[in-house]
Amino acid sequence: MKAVILAAGVGQRLGPGHPPKALLEFGGKSLLARHLEILRHAGIERVTIATGHQAPRIAAELTALGASQSGFASCVLNPDYRDGSIVSLWAMREELAGGADILLMDADVLYDYRLMTRLLSSGHGNCFLMDRRIEPGEEPVKLCVKGEDLVDFHKIPRNPYDFCGESVGFFRLSPGIAARLAAVADSYVAGGKRGVWYEEALRDVLIEAPGSFGYEDVTGLPWIEIDFPEDVLRARSEILPRLADLPRGARL
């Protein structure tokens, strides 16, 4: 299995003067370093990172971690990263359509490694992670279930559902679904719809292939998406102290 990490965005909501969100540090380690440690522990073969904003800094971090020299991780530059995250997904189309199982990830999540274990050990070939604790409002991306089926994936769901939870932002994709996602991203960009979130393309694939996706409930495990300054504070004060240590020998 290969991992694709989307790390090209500016992160404007954090305010001026911050590094790329993948380089925010928690407990003396960048989010990127934490991702790579967890992914190596999980047995991921290779990691490709979509970069844009301050791309040389992310490349330098990979070098400092020894991840680029070993061939474990590399970058693909999206020069049009300001257009929208769908363009970053499109920039990774060759990775997505390469015939491998794919782990698609947001870069701006601080999380317990057991979430990744839950995702990769799932019996679902295509799988979302869901946390049923969800904050009210339109900000969280919602994963919606009706009966036993996933029926929607959006900040503002459009289809009827029985319950919903928040998506963690990590997705396990089979080769066929990953290739289809690449094709949908290509159709967005070719059609001039470059300003949308990449989740729109993932929603399209979910809707057109009902029953192809499952989910794992990770409610209770610590994680947080970093969007606002208050998220950084909460990550350091509430989430970081709750993270389980990786097993010995799993670090880079």
Side-chain angles (χ1 to χ4, degrees), residues 1-15 17-79 81-82 85 87-89 91-92 95-96 102-117 119-120 129 168-172 198 221-229 231-236 239-240 242-247 249-252:
M1 182 176 288
K2 300 176 182 179
V4 169
I5 301 178
L6 303 181
V10 175
Q12 291 180 330
R13 294 179 292 186
L14 282 178
H18 65 83
K21 289 199 282 185
L23 300 185
L24 291 169
E25 290 195 355
F26 300 92
K29 294 180 184 179
S30 68
L31 284 177
L32 183 57
R34 290 177 175 275
H35 289 322
L36 297 182
E37 285 185 350
I38 292 172
L39 294 175
R40 189 181 289 280
H41 166 66
I44 295 299
E45 300 167 7
R46 184 165 59 83
V47 181
T48 307
I49 303 160
T51 61
H53 176 61
Q54 299 186 26
R57 294 186 65 179
I58 294 179
E61 176 77 344
L62 289 183
T63 299
L65 295 169
S68 53
Q69 300 94 312
S70 68
F72 181 57
S74 61
C75 297
V76 171
L77 178 65
N78 169 23
Y81 62 92
R82 292 183 181 274
S85 63
V87 184
S88 291
L89 185 68
M92 306 302 283
E95 293 292 326
L96 294 172
I102 294 294
L103 173 62
L104 178 63
M105 303 174 59
D106 290 335
D108 58 352
V109 181
L110 176 67
Y111 63 102
D112 190 292
Y113 83 93
R114 290 171 293 178
L115 276 82
M116 190 60 65
T117 301
L119 179 60
L120 297 184
L129 290 181
V168 173
F170 301 160
F171 315 96
R172 176 178 172 177
Y198 81 88
L221 290 176
W223 70 280
I224 187 170
E225 182 181 8
I226 311 296
D227 286 323
F228 302 98
D231 295 331
V232 176
L233 297 176
R234 182 170 170 239
R236 289 176 174 149
I239 303 301
L240 184 63
R242 297 176 55 206
L243 300 182
D245 291 334
L246 272 172
R251 304 186 188 285
L252 289 175

Any chance you could measure [X], atom [atom1], to [Y], atom [atom2], to the nearest 0.5 Å?
| X | Y | atom1 | atom2 | value |
| --- | --- | --- | --- | --- |
| His41 | Met116 | NE2 | CE | 10.5 Å |
| Leu36 | Ile49 | CG | CD1 | 5.5 Å |
| Leu32 | Glu37 | CG | CD | 10.5 Å |
| Leu243 | Tyr113 | CG | OH | 11.0 Å |
| Leu120 | Leu115 | CG | CG | 11.0 Å |
| Phe72 | Ile44 | CZ | CD1 | 7.5 Å |

* To do: Answer yes or no: is there a donor N or O on one side and an acceptor on the other, between the side chain of Asp112 and the main chain of Arg114, under 3.5 Å?
  =>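 Indeed, once roles are kept as given, a pair shorter than 3.5 Å links the two residues.
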* **Main-chain N/O of Met105 paired with His35 side-chain donor or acceptor, under 3.5 Å** =>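 Looks like no, no N/O pair under 3.5 Å.
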Taking the side chain as everything from C-beta on, heavy atoms only, tell me whether [X] gets closer than 4.5 Å to [Y].
| X | Y | result |
| --- | --- | --- |
| Tyr198 | Leu6 | yes |
| Leu89 | Leu104 | yes |
| Thr48 | Lys2 | no |
| Leu103 | Leu119 | yes |
| Leu110 | Leu24 | no |

What closest approach, in Å, do [X] and [Y] show between heavy atoms, and which atom pair accounts for it?
| X | Y | result |
| --- | --- | --- |
| Ala67 | Ser70 | O-OG, 3.1 Å |
| Ala22 | Ala7 | CB-CB, 4.2 Å |
| His18 | Leu14 | CD2-CB, 3.4 Å |
| Ala107 | Ile5 | CB-CG2, 3.6 Å |
| Leu77 | Gly52 | CD1-CA, 4.0 Å |
| Gln69 | Thr63 | NE2-O, 3.0 Å |

* **Arg34 to Phe26, cation-pi by 6.0 Å centre distance and 45° axis angle** => no
Counting only pairs under 3.5 Å, give me each side-chain donor-acceptor contact of residues 53-60, with atom names and distances, residues two or more places apart or in other chains.
| from | atom 1 | to | atom 2 | distance (Å) |
| --- | --- | --- | --- | --- |
| Gln54 | OE1 | Arg57 | NH1 | 2.8 |

Donor-acceptor list for residues 221-229 side chains, cut-off 3.5 Å, not counting sequence neighbours:
| from | atom 1 | to | atom 2 | distance (Å) |
| --- | --- | --- | --- | --- |
| Trp223 | NE1 | Asp131 | OD2 | 2.7 |
| Asp227 | OD1 | Arg13 | NH2 | 3.2 |
| Asp227 | OD1 | Lys21 | NZ | 3.3 |

